[in-house]
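All chains are named by letter (A, B, ...) in the order of the sequence lines, taking the proteins before the strands, and each is independently numbered beginning at 1. Only heavy atoms go into these numbers, but all of them, side chains included; no hydrogens, no water, no symmetry mates.
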Amino acid sequence: MLHYEFMRNAFLASGCVAILCGFVGWFLVLRGQSFAGHALSHIGFAGATGAALIGLSPLSGMALAAILAGVVLGWEPTGDLRKDPAGAGHRDSVIGLVLAASLGLGLVFLQWQHAPVSSATALLFGNILGIDHATLGMLFLLTGLCLVGLGALARPLLFASLDPDLAAARGLPLRTMACAFMVLVALATAVCSETTGILLVFSLLVGPAATTIRLGLAPLAGLLGSAVLALALAWGGLALSWYTDAPVSFWISAGAALCYLAARGYRAAPA
Amino acid sequence: MLHYEFMRNAFLASGCVAILCGFVGWFLVLRGQSFAGHALSHIGFAGATGAALIGLSPLSGMALAAILAGVVLGWEPTGDLRKDPAGAGHRDSVIGLVLAASLGLGLVFLQWQHAPVSSATALLFGNILGIDHATLGMLFLLTGLCLVGLGALARPLLFASLDPDLAAARGLPLRTMACAFMVLVALATAVCSETTGILLVFSLLVGPAATTIRLGLAPLAGLLGSAVLALALAWGGLALSWYTDAPVSFWISAGAALCYLAARGYRAAPA
Amino acid sequence: MSETAPPRFLPGFSPRLSPRLSIELSPGSPPGSSPGTPALSFVDVTLAQGARILLEGACFSLPEGSLTVLTGANGHGKTTLFRTILGLHAPRKGEVRIFGRMPDTMRGAIGYLPQDRRLPAPQMTGRTLIASSWNGTRPGLPGWGRRIRQRVDGALSRAGALHLADRPLGQLSGGERQRVFLAGALLQSPRLLVLDEPLSGVDVQGQAEIVALLHDLCRRSGVTILLSCHGLDAVRGRADYRLAIAGQTLELSDAAL
Amino acid sequence: MSETAPPRFLPGFSPRLSPRLSIELSPGSPPGSSPGTPALSFVDVTLAQGARILLEGACFSLPEGSLTVLTGANGHGKTTLFRTILGLHAPRKGEVRIFGRMPDTMRGAIGYLPQDRRLPAPQMTGRTLIASSWNGTRPGLPGWGRRIRQRVDGALSRAGALHLADRPLGQLSGGERQRVFLAGALLQSPRLLVLDEPLSGVDVQGQAEIVALLHDLCRRSGVTILLSCHGLDAVRGRADYRLAIAGQTLELSDAAL
Amino acid sequence: APVRVFCAEAFWCDLARGLGGDAVRTESILVSPAVDPHDFQVTPVTVRALASADIVIWTGGHYDDWIPPLLAAQPDPGRQDIAIADLVPDTDRANPHLADDPAAARALIDRLSASLTTRLSRHPAGAEDSVMIERIAREKRRYDRQFDALTGRLDALRTRYAGLPVAVGEPVGGPVFRALGLRVVDADFALATMRHEDPSPRDVARLEDALRGREVRAFVTNPAMRVPSVIRLERIAREAGIPVVSLDEFPPPGLSWQDWMTDRIDRLQRALDRHE
Ligand SMILES: Nc1ncnc2c1ncn2[C@@H]1O[C@H](COP(=O)(O)OP(=O)(O)OP(=O)(O)O)[C@@H](O)[C@H]1O
Ligand SMILES: Nc1ncnc2c1ncn2[C@@H]1O[C@H](COP(=O)(O)OP(=O)(O)OP(=O)(O)O)[C@@H](O)[C@H]1O
Ligand SMILES: [Mg+2]
Ligand SMILES: [Mg+2]
Ligand SMILES: [Zn+2]
């Protein structure tokens, strides 16, 4: 299996993506922002088509659009329930609107472009078996950057996520934190889904994290567990795909759902 | 513009869809379940491809898958925080996992297909300009059914959404309510997106509802306002699309986002 | 419904014995009470959370139209007991009866104030919240119209929350919100009121007002009231009985004791 | 930091005058106090919510190491005042000083217990919640290791919440949760403790314990404490001052009055 | 050992097999025109086959965008990568359908025969190899004759059909239309269908007018694209008495490219002639 370079590259790339997704996803699930994670990858589509229109590379367009959207998504809820009770439940619908608007925009870009890209679906399913050395190098670099960013953000982000009211009282700027995190997620999804597809990234973001959080692990254990589980899922999925010839993303998404189910059953049993 | 039958049909169909989406969406946004709404339309994709595989019509496959997913999505949060604190924040990630798993499944189905599948993917994008009389009739019928269902569900659903703990104490089965509502949303999205496309349905579900809820309207005013706004958006979008040649769904999604922004600005101004 | 019923309070009611030692009270006729069934009775009820037993073999019954205070230290099971009355928590053993019937069938007749509740829509007004609970378990369209408005306004003004009713719930202070919620518990003229710490967060004068209101409801409308609170100062002179949870046992005594 | 500072309480401190009539107290030297700056001072502060004025031209200052109770009816602005101290609510007029400095710069030195707080992750344990706030505003990885664990355990056992610390927050009863939160407020040895209704929902014995703990903190570690509560019974004999909000004015008086 | 040829679409390999016979061993991914090549999912088996191929053929021009990354992931200096779109530089960039372009097929045969010949003669060529080389030359000539015949027929038809308006539901058949000089009246509508997008309403209206007013001579559809708006227009076309021609994306399994092309042109011709 590892005899082929494309498989070696796929293992490296998916491992890299898995570790990043495991860490980022833990915070994403903790904060209840899976929808934002999903939306950001759609939003990247508008960016990619828009970039093609003005002659930029799709990756940079994707990253730009995602960062912009990250700021918007992080911005909306003030975080202070008392100042803005109406804004409280609106995170969810704002994501929906940004998602809809950017999909709409992507459609117009596509129409103006007169290029026969059906990138909407191409992006969705990605191409993890088609990763070359250059892409791999860039993936390592960008993943490293994202991990460093997350490392710097981790402590205040954890505080803001577990106890937002106290964090605000201690002077932590909740909105800035939310935006910074969303931008990080946006970058991570843009980078990862360009190489491995949205479906795979999304499964790795949500599945392992939801599993460890459902198990009730403490933050550090949860973070590590989530990264390890993501890695196991990614590599397991690749190996299974090799032997069964079903798409990698199928195995990974199925595995993610099964892990969560198992954790749920385990938790429900003693209670 | 109304000289053409397809435009007349488009106006009728989109009006019908808009009113249903306006009502259903109000509850969806109130309950913070936009993600579920978005996910259900993706999930329909798995159903449609699966149905094609076993020789069913895509619409019935879509509806079946969506109903199944609706039950799953309604099931997970017990609704009783005290019994299951771990389940509280998990609605979001469960939706993510169901979404990922069903996309993965759809992918395999797609791969196994040896029959035309474009009809399945076409469902995702809809075809509001290709509606004939028979489709229109079925749309009216199914919309009517959904509206009747919503009418029966409305009062307990409102109670369960605004005050879940008290509703549970009064004996309202929260889980059953959640499942019933999700199934309703699933049916509505399946029916509507078959005719008008996911993007359009999603914009009409979230945009008008988020606007009226942000404006702080009371339930009845909000429900009516949301339906009226949805109708205005749908028809306005169609008309604009006629004169500008940009896709209908672009105008509707852009309009939805603008409405929300306007409501936000209006609300922020006096405070 | 019971608003026009005659008051059923009997002043000479004697303190109950500690349930574990007590003569079993047959649920239809507590000694000294009117021949009606007790509003609430526990027969040999054991409550537990996970592996931990909170209450063992508890027996008591409350006559209709009485005002009872439930006391007990933090974590000793007051809220769990309330949730058991409402059928939200299954007792490990024993039976709970409300007006002689299963709790499930009587939920419509109970007004409940939970200790904490989620507010998924803090942008809605108190009036909206309360109105949404009107007949909230029956299928159909949300109610509107003058009749419901009158009932809602009536409950709000009784609870002293009328001036707060049109502001978003998220903007109210803790004590203000408590009053709005109390109005919600009063809305459908319940025969049994189950209030979990209704006085917490309420100012001193408000506490007195609320206790006076509850006392009035008992005496004039024959509503049976069970409320929990810390310390008896606020209810002194107004409550008929005191139910005390201590070390897995439940003790019913005259409140004056 | 201030744990080793000498106690600054001066027993003979005389009651303050009503602020509107008072001689303006220069923020650096309240009469009769030690020459240090006051822990907290309001200079001509006007607080409002929307169009409504809650407090007008309030002036007072609290000496370091004192224990003050803030009282006032529901909705009169206690929580708003606390939020102003923490810089979460901007005063319409006037200035707030904490140890002579702007509130923004002193936030790290304040321990705060909000009246209600959201719990986005009720499945996490109290220990996790509290540990996450350790140096929570500084960038970096979440802290772990023995030192932090010791500090967290210390705060938990002081607040009497050690036995609750390893259970999911969502499973705790109201009073149990309040104790865990109190431990969180004590964690980083604050010089100023601002507690919004710390006693609400806590049982009678617990209230006494908490007040005793706070009193001890004042006397032994020189921490300045401002807490709000309804009724003075629980704090009688332990508080130095009473700040009463009534009708848009703030009155500082000796607690014994 | 035979040269391993890998094709993204099966019909290219049909051509290669016809040319190379036993000298090539082919493997292809998309066999049925019913699968939408625009959104195809790659699996390891596919890539394994591709990784061990000597020659890789794909349509290119964004028709099968999933191929180039796979090639990049498994670099192999000995492998020859052939994107058909690059062989026929004057293709319509917006329309990637090249299956029915005789020029494309001819260019492929040219390129393939050259590289097969060099490959076979590279090692110390045995008798067997020279037989094969000869066979390749023979087959190439046969192909060239067929291409000539086809182009000749198209040129002949061109004089009759040039400038005639046709409408298409999805952009299939572009090269044939160009060869015949047919005028496609609704290029934007067709592209929108291909991308699964909403067409613009006025495009639909114009197309509907054209069909109802019998301004076009035929309505061409793709059986893999049965979307409601196309189905509706197809009905309108039928009602108006306009012939509807269903043209596949590429040849179904079992049908040779040449036969498929002939059938295509036959049916198109029948349709266009019906209204004379
Ligand atoms: N879901 C649960 N799982 C396990 N233990 C629980 C759960 N819910 C509550 N408990 C525990 O059961 C005990 C009783 O809780 P309960 O809320 O009934 O106490 P309470 O008397 O109402 O306390 P308070 O005065 O603080 O409101 C507490 O120790 C609490 O931690
Ligand atoms: N965001 C807001 N917009 C408008 N009014 C508000 C807002 N937040 C609070 N208020 C109002 O300001 C007043 C003061 O509220 P605050 O919470 O400070 O009172 P409190 O003294 O703490 O009351 P309690 O004893 O009930 O806690 C209340 O009447 C409240 O309704
Ligand atoms: Mg309790
Ligand atoms: Mg307050
Ligand atoms: Zn999506």
Mind checking the OG-CD1 spacing from B:S34 to A:I95? Nearest 0.5 Å is all I need.
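Going from the OG atom of B:S34 to the CD1 atom of A:I95 covers 8.0 Å.
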Return the CG to OG distance between A:L97 and B:S203, rounded to the nearest 0.5 Å.
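Spacing of CG (A:L97) from OG (B:S203) equals 8.0 Å.
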Using 30° and 60° as the class boundaries, would you call the ring planes of A:F35 and B:F35 parallel, tilted or perpendicular?
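The rings of A:F35 and B:F35 lie parallel, inter-plane angle below 30°.
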Applying side-chain contact (heavy atoms from CB on, under 4.5 Å), run through B:L99 and A:F202 and close with a yes or a no.
CA-CA 9 Å; B:L99 170 58; A:F202 187 64; 4.0 Å; yes
Please determine which of A:I213, A:V206, A:T211 meets the side-chain contact (heavy atoms from CB on, under 4.5 Å) test together with B:S93.
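For B:S93, the side-chain contact (heavy atoms from CB on, under 4.5 Å) test succeeds with only one of A:I213, A:V206, A:T211, which is A:V206.
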